[in-house]
Asks: 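Okay, handing you the structure first.
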Amino acid sequence: MSASQLIALIPGDGIGPEVIAQARRILEHYRDKRGLNLDLWQLDLGADRYLRDGTTYPKEVAERIAGEARAVLLGALGDPRVPGLEHARDILFGLRFGLDLYANIRPVKALSDRLVPLKGRAAKDVDLVVFRENTEGIYVGMGGQFKRGTKDEIAINEDVNTRKGVERLIRAGFEHARHRGKKSVHMADKSNAMKHAHELWYRCFFEVAKEYPEIKAHHVYVDALCLYLVQDPSPFEVVVTCNLFGDIVTDLGAALQGGLGMAASANVHAADPARVGMFEPVHGSAPPLAGKDLANPLASVLTVGMLLAHIGYPDEEARLEALVARAIEEKKCTRDVGGDLGTRAVGDWILNELGQV
Ligand code: NAD
Ligand code: IPM
Ligand code: MN
């Protein structure tokens with residue numbers, strides 16, 4: 001038997017545990033019924049744990065994930081009882097930065113015409129992928145506050161962009177385009193306002209583009225990108241952008257594919273797919289939905305697909321995507337996407353169908 005693949009599960013906060021419970025059942029199905037040698041390692045990390053004993057992201061866990069795991073599946077982090085989000089940042093950024101997962105890959109793909117909210121547009125018009133830089137930018141936490149609480153207070157967050165960091169993310173976007181036969185890559189920035197940081201992005205983009213002559217390289221300002229995505233998303237295939245813009249644009253993108261309950265993501269060190277990856281739905285912990293069996297688990301189902309592709313089973317990603325599309329068509333889904341099932345019942349349907357196909 002092949003060596004087991006260690007998969008760490010971090011359900012986290014709010015609706016995280018509910019959607020990851022369904023995702024876990026799928027992984028168990030692959031382990032128990034389809035012979036995948038998966039070792040599932042569930043971690044008790046999140047707001048409850050933090051409030052209980054102060055633990056956020058222990059060093060031993062970080063080391064085992066870095067040294068032994070093939071993948072991490074994360075639900076969501078964020079809890080109103082921890083308004084400063086310190087546990088969420090330690091865990092989420094501990095994974096993204098700590099494992100150098102520089103490409104946050106967020107497909108924006110509508111799986112049914114019914115999910116597309118744009119007038120006159122259909123699912124075929126919404127099929128792109130955003131490559132979000134995931135280890136730099138405004139997220140590095142450099143900066144500080146001065147004279148806090150006074151009338152003279154100053155608050156600074158530095159936006160860090162390195163040649164290496166920008167170039168490798170842009171290259172990941174072009175490589176993806178090349179291997180998927182895509183014809184174009186768009187780079188979204190604000191080089192008109194951010195003349196230092198985004199001039200680097202602009203220059204670097206067109207330099208890297210020269211290595212991919214078969215792919216058209218387009219520059220677009222990120223504000224205009226938001227406009228175009230709503231007017232007509234069909235020309236977009238691959239979008240590369242910085243950390244902050246990628247975060248924002250992919251919530252907009254999620255709206256085009258049926259909402260946050262449908263948006264999956266992968267965090268990878270794209271140059272070396274053998275390295276551990278982290279997989280998470282794009283949505284957060286949705287506190288108002290938590291504990292009510294209302295959360296849509298399909299983003300997590302699609303995320304499991306991305307995870308399975310990463311660990312060597314790309315056909316299973318396609319199988320899960322087709323099942324999710326069918327769940328939408330047959331209304332075996334939650335209210336946010338037009339059904340009337342609960343989170344767990346959607347999981348039941350997926351598991352049952354998975355047993356048949
Ligand atoms: P959110 O993604 O939790 O919710 C935004 C909207 O989408 C809400 O209306 C919510 O009901 C809906 N929604 C989200 N997921 C859904 C699902 N699976 N099914 C149905 N509807 C769904 O974003 P928010 O409200 O801005 O943030 C809540 C908390 O989550 C905050 O603490 C935030 O920092 C955190 N957050 C964490 C992550 C992460 O862990 N990766 C991502 C985003 C936000
Ligand atoms: C996401 C989230 C996170 C981010 C938050 C929780 C820090 O919005 O994963 O999209 O901004 O990256
Ligand atoms: Mn976000």
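Residue indices begin at 1 and follow the sequence shown. Whatever order the structure lists ligands and atoms in, that order sets their numbers, starting from 1.
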Asks: Are any of the heavy atoms in L298 under 4.0 Å away from ligand 1?
Replies: no
Asks: Protein non-hydrogen atoms only, distance under 4.0 Å: does atom 2 (O) of ligand 1 have such a neighbour?
Replies: yes
Asks: In the complex you have, is atom 12 (C) of ligand 1 within reach of the protein, judged by whether a heavy-atom distance drops under 4.0 Å?
Replies: no
Asks: Of the protein's non-hydrogen atoms, which lies at the shortest distance from atom 5 (C) of ligand 2, and what is that distance?
Replies: L92 CD2, 4.2 Å
Asks: Using distance alone, decide if ligand 1 has a nitrogen or oxygen within less than 3.5 Å of any nitrogen or oxygen in N296.
Replies: yes
Asks: Can you give each donor-acceptor pair under 3.5 Å made by side-chain atoms of residues 11-18, sequence neighbours left out, with the distance rounded to 0.1 Å?
Replies:
| from | atom 1 | to | atom 2 | distance (Å) |
| --- | --- | --- | --- | --- |
| D13 | OD1 | A47 | N | 2.7 |
| D13 | OD2 | G78 | N | 2.7 |
| D13 | OD2 | H87 | NE2 | 2.7 |
| E18 | OE1 | D293 | N | 3.2 |
| E18 | OE2 | G291 | N | 2.5 |

Asks: Please say whether the positively charged group of R132, taken as NZ for Lys or CZ for Arg, lies over the ring of Y139, i.e. under 6.0 angstrom from the six-membered ring centre and within 45 degrees of the axis.
Replies: yes
Asks: Would you list the protein N, O or S atoms within less than 2.8 Å of the Mn ion (ligand 3), leaving out water?
Replies: D247 OD1
Asks: What about R132: any of its N or O atoms under 3.5 Å from an N or O on ligand 2?
Replies: yes
Asks: I need the atoms of ligand 2 closer than 4.0 Å to a non-hydrogen atom of R106, numbered in the order shown.
Replies: 1 (C), 9 (O), 10 (O)
Asks: Please work out whether any backbone atom (N, CA, C, O) or any side-chain heavy atom from C-beta onward of H283 is under 4.0 Å from ligand 2, and answer side chain, backbone, both or neither.
Replies: neither
Asks: Please enumerate all residues that pass ring pair (Phe, Tyr, Trp, His ring centres under 6.0 Å) together with H219, with sequence neighbours excluded.
Replies: Y202, Y221
Asks: Examine L77 against ligand 1 and note whether any of their N/O atoms are separated by less than 3.5 Å.
Replies: yes
Asks: Quick check on atom 27 (O) of ligand 1 - does any protein heavy atom sit closer than 4.0 Å to it?
Replies: no
Asks: Keeping T241 on the side-chain end and A188 on the backbone end, is there a donor-acceptor pair under 3.5 Å?
Replies: yes
Asks: I want to check something: taking the side chain as every heavy atom from C-beta on, are T334 and L294 in contact at a cut-off of under 4.5 Å?
Replies: no
Asks: Quick test: of every protein heavy atom, which one is nearest to atom 10 (O) of ligand 2, and how far off is it to 0.1 Å?
Replies: D247 OD1, 2.8 Å
Asks: Apply the hydrophobic cluster definition, ILVMFWY joined by side-chain contacts under 4.5 Å directly or through others, and give me every member besides V140.
Replies: M142, V160
